[in-house]
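Notes for the one structure printed next.
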Amino acid sequence: MAERSSFVVVANRLPVDEVMVDGERQWRPSPGGLVTALHPVLAQQRGTWIGWAGGDGEAPEPFELEGIKIHPVPLSAEELERYYEGQSNATIWPLYHDAVETPVYKRRWREAYRLVNQRFAQAAADVAEQGATVWVQDYQLQLVPAMLREMRPDLRIGFFLHIPFPPIELFMQMPFRAEILRGLLGADLVGFQQRLAAQNFVRLARHLLGLRYEGQSIQVDGRKVKAGAFPISIDTADMERMAADPAVQARAKQIRAELGDPETVILGVDRLDYTKGIELRLKAFRELLADGKLKVPEAVMVQVATPSRERVEHYQTLRVKVEREVGRINGEFGRVGMPAVHYLHQSYSKQELAALYVAADVMMVTPLRDGMNLVAKEYVACRANGGGALVLSEFAGAATELRQAFLCNPHDPDGVKDALLRAVGAEPAELKRRMRVMQRHLRTHDVAEWARTFLNELGVPDTDATPAPDEG
Ligand code: ADQ
């Protein structure tokens, strides 16, 4: 049996990547916001992270990396198709994002979801020591809290949902809705990005299961389950440092030069996902070019669209639509050697992304619905010189905090065009003022604060590894 831990994180993915060195399999940490935030607590408590390591078939043996115990859970090719691509990404993902694409419901996907959730719960039950804290992450694992409580009532269980939680009338579409809700109610604390999502959740508990609640606290079988909003954030200081790095600054200049030193660089950075509003953003740009309000080569757009969930049908269709729109814009408005839209269907290092953020005059973040959207926060953190404008959808969680962005309704094409034009034409002094307010917010509300606030609410006291902000 694996060595036990007093702090356990359960997430679909492990924070590691497999690399081959001299024909030998090795693991290296894969940098991400979540692991950055949780690393101090995990390292101090010799914590364990349970998750899938990528690949199908047998899982690698548990191992340790940079002070964190890594506990891989296997997924077969069929489970990947049914639990991950199917139930998680073709049923739950679209349903929780306002059904902007039609959710697909299949019995065999649900069965696989149950089975895989049971496996993750079992792994947590095996590695958690008596009275340990277990923090379950995200929509792929919503049944884990109840399954785990059943096996280990001694544990303190937290759950955090990174994506939106839909209103009752949408959630009610889900065929095994009561089971999902009971799954989540197995936790002591259920965290959401937004206050509205937490409200949807407590109201749903009353509507669907007749449970009583007071404020954000639901009574379940004589227990209290708390719901709350914990808006996630980024490692702001790290992002600021990276943007200030001379190499990144030089690369940003080079990017602008490579784009032909235009007056206005408009940037989009997203996973290629239909919730992100990439098409509507391209359309707004095309119409402004057609209206003569923007001109090539004075204004150019760069759209980075990271490959994502490529085996799911919705995503294949989206790729075709986005690439067709890019082709149309370049066909109509580009010139030889001077495209209007530079489209990059690739993954980049954090440094290269930071250079793009530094290079961009206007950042467009226009999701139809988004739990938070960290790209918006990363852009703000990279604009230390105070320039730059953020066009931000009201339907991104980030819009609750980044009030000084140029906010827009992504369902209203004229509204998006108007916000983009206002951003392009804003006075430098105004842009500086807006950026400064947002930067100040992100310096205190960073990802470490997010983790600390959630864990405190769950009843885990601050440790030396999770200092309060005024203690540095
Ligand atoms: P995502 O939907 O993946 O996350 P987002 O919050 O924007 O969306 O995070 C994307 C991350 O990927 C950012 O850190 C970004 O820098 C990085 N990234 C994007 N394109 C990249 C590229 N080409 N190469 C390398 N890195 C790239 C989900 C929810 C969000 C929520 C987060 C965190 O959908 O709403 O903010 O979880 O809770």
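All residue numbers refer to positions in the sequence shown, counting from 1. Atoms within each ligand, like the ligands themselves, are counted from 1 in listed order.
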Checklist entry - Would you say the side-chain atoms of Thr91 pair up with the backbone N or O of Val104, donor to acceptor, closer than 3.5 Å? => result yes
Item to check | Pick from Arg271, Lys276, Met372, Met239: the one approaching atom 8 (O) of ligand 1 most closely through a non-hydrogen atom | outcome: Lys276
Checklist entry - What residue among Glu279, Arg281, Lys276 forms side-chain hydrogen bond (donor to acceptor under 3.5 Å, both in side chains) with Thr366? => result Arg281
Next on the checklist: If the cut-off is 4.0 Å to any non-hydrogen atom of Val304, which atoms of ligand 1 fall inside it?
Outcome noted: 23 (N)
Checklist entry - Can you list the steps and then say if His162 with Leu34 is a side chain to side chain contact (heavy atoms under 4.5 Å, CB included)? => result CA-CA 11 Å; His162 291 255; Leu34 195 59; 4.1 Å; yes
Checklist entry - When you look for heavy atoms under 4.0 Å from ligand 1, do you find them on the side chain of Val375, its backbone, both, or neither? => result both
Checklist entry - What's the verdict on salt bridge (charged side-chain N to carboxylate O under 4.0 Å, His left out) for Asp361 and Arg256, showing C-alpha distance, side-chain angles and the deciding distance? => result CA-CA 10 Å; Asp361 302 292; Arg256 287 192 76 100; 3.0 Å; yes
Item to check | Part of Trp93 within contact of ligand 1 (heavy atoms, under 4.0 Å) | outcome: side chain
Checklist entry - With respect to Val380, which candidate in Val375, Leu390, Ile234 satisfies the side chain to side chain contact (heavy atoms under 4.5 Å, CB included) definition? => result Leu390
Checklist entry - Is NZ or CZ of Arg13 both nearer than 6.0 Å to the six-membered ring centre of Trp52 and within 45° of the ring axis? => result yes
Checklist entry - Do Phe160 and Trp450 have their ring centres less than 6.0 Å from each other? => result yes
Checklist entry - Counting each atom of ligand 1 from 1 as listed, which ones have a heavy atom of Gln346 under 4.0 Å away? => result 23 (N)
Checklist entry - Which of the atoms of ligand 1 are close to Ile232, meaning less than 4.0 Å from one of its heavy atoms? => result 33 (C), 38 (O)
Item to check | Gly371-ligand 1 polar pair, N/O distance under 3.5 Å | outcome: yes
Checklist entry - Is any N or O atom of Leu353, backbone or side chain, closer than 3.5 Å to an N or O atom of ligand 1? => result no
Next on the checklist: Whether Arg311 engages the ring of Tyr84 as a cation-pi pair (distance to the six-membered ring centre under 6.0 angstrom, angle to the ring normal within 45°) should be assessed.
Outcome noted: no
Checklist entry - Do Asp270 and ligand 1 have an N or O pair less than 3.5 Å apart? => result no
Next on the checklist: Can you confirm whether some protein heavy atom lies under 4.0 Å from atom 6 (O) of ligand 1, or whether none does?
Outcome noted: yes
Item to check | Element-labelled atoms of ligand 1 that are located less than 4.0 Å from some non-hydrogen atom of Glu378 | outcome: 13 (C), 14 (O), 15 (C), 16 (O)
Checklist entry - For atom 29 (C) of ligand 1, is some protein heavy-atom partner under 4.0 Å away? => result yes
Next on the checklist: Among all protein heavy atoms in this structure, tell me which lies nearest to atom 17 (C) of ligand 1, with the distance rounded to 0.1 Å.
Outcome noted: Lys350 NZ, 4.1 Å
Checklist outcome for this item: atom 24 (N) of ligand 1 has as its nearest protein heavy atom Tyr348 N, 2.7 Å
Item to check | Nearest non-hydrogen protein atom, atom 37 (O) of ligand 1 | outcome: His162 CB, 3.9 Å
Next on the checklist: Can you confirm whether the side chains of Arg436 and Gln439 place a donor and an acceptor under 3.5 Å from each other?
Outcome noted: no
Next on the checklist: Give the atom numbers and elements of ligand 1 that come within less than 4.0 Å of a heavy atom of Gln193.
Outcome noted: 31 (C), 38 (O)
Item to check | Residue selection (non-hydrogen contact nearest atom 20 (N) of ligand 1) among Ile163, Leu356, Thr306, Asp370 | outcome: Thr306
Checklist entry - Strictly by modelled atom types, are Gln303 and Asp270 linked by a side-chain donor-acceptor pair under 3.5 Å? => result yes
Checklist entry - Roughly how far, to the nearest 0.5 Å, is the CD atom of Glu179 from the CD atom of Gln142? => result 11.0 Å
Checklist entry - Val269 to ligand 1: N or O pair under 3.5 Å? => result no
Next on the checklist: Does ligand 1 come near enough to His97 that some N or O of the ligand is less than 3.5 Å from an N or O of the residue?
Outcome noted: no
Item to check | Residue from Gln351, Lys350, Gln346, Glu352 passing side-chain hydrogen bond (donor to acceptor under 3.5 Å, both in side chains) with Tyr348 | outcome: Gln346
Checklist entry - Nearest protein heavy atom to atom 9 (O) of ligand 1, by residue and atom, and its distance? => result Leu374 CB, 4.1 Å
Checklist entry - Counting only N and O atoms by type, is there a donor-acceptor contact under 3.5 Å from the side chain of Asp273 to the main-chain atoms of Thr275? => result yes
Checklist entry - Is atom 12 (O) of ligand 1 less than 4.0 angstrom from at least one protein heavy atom? => result no
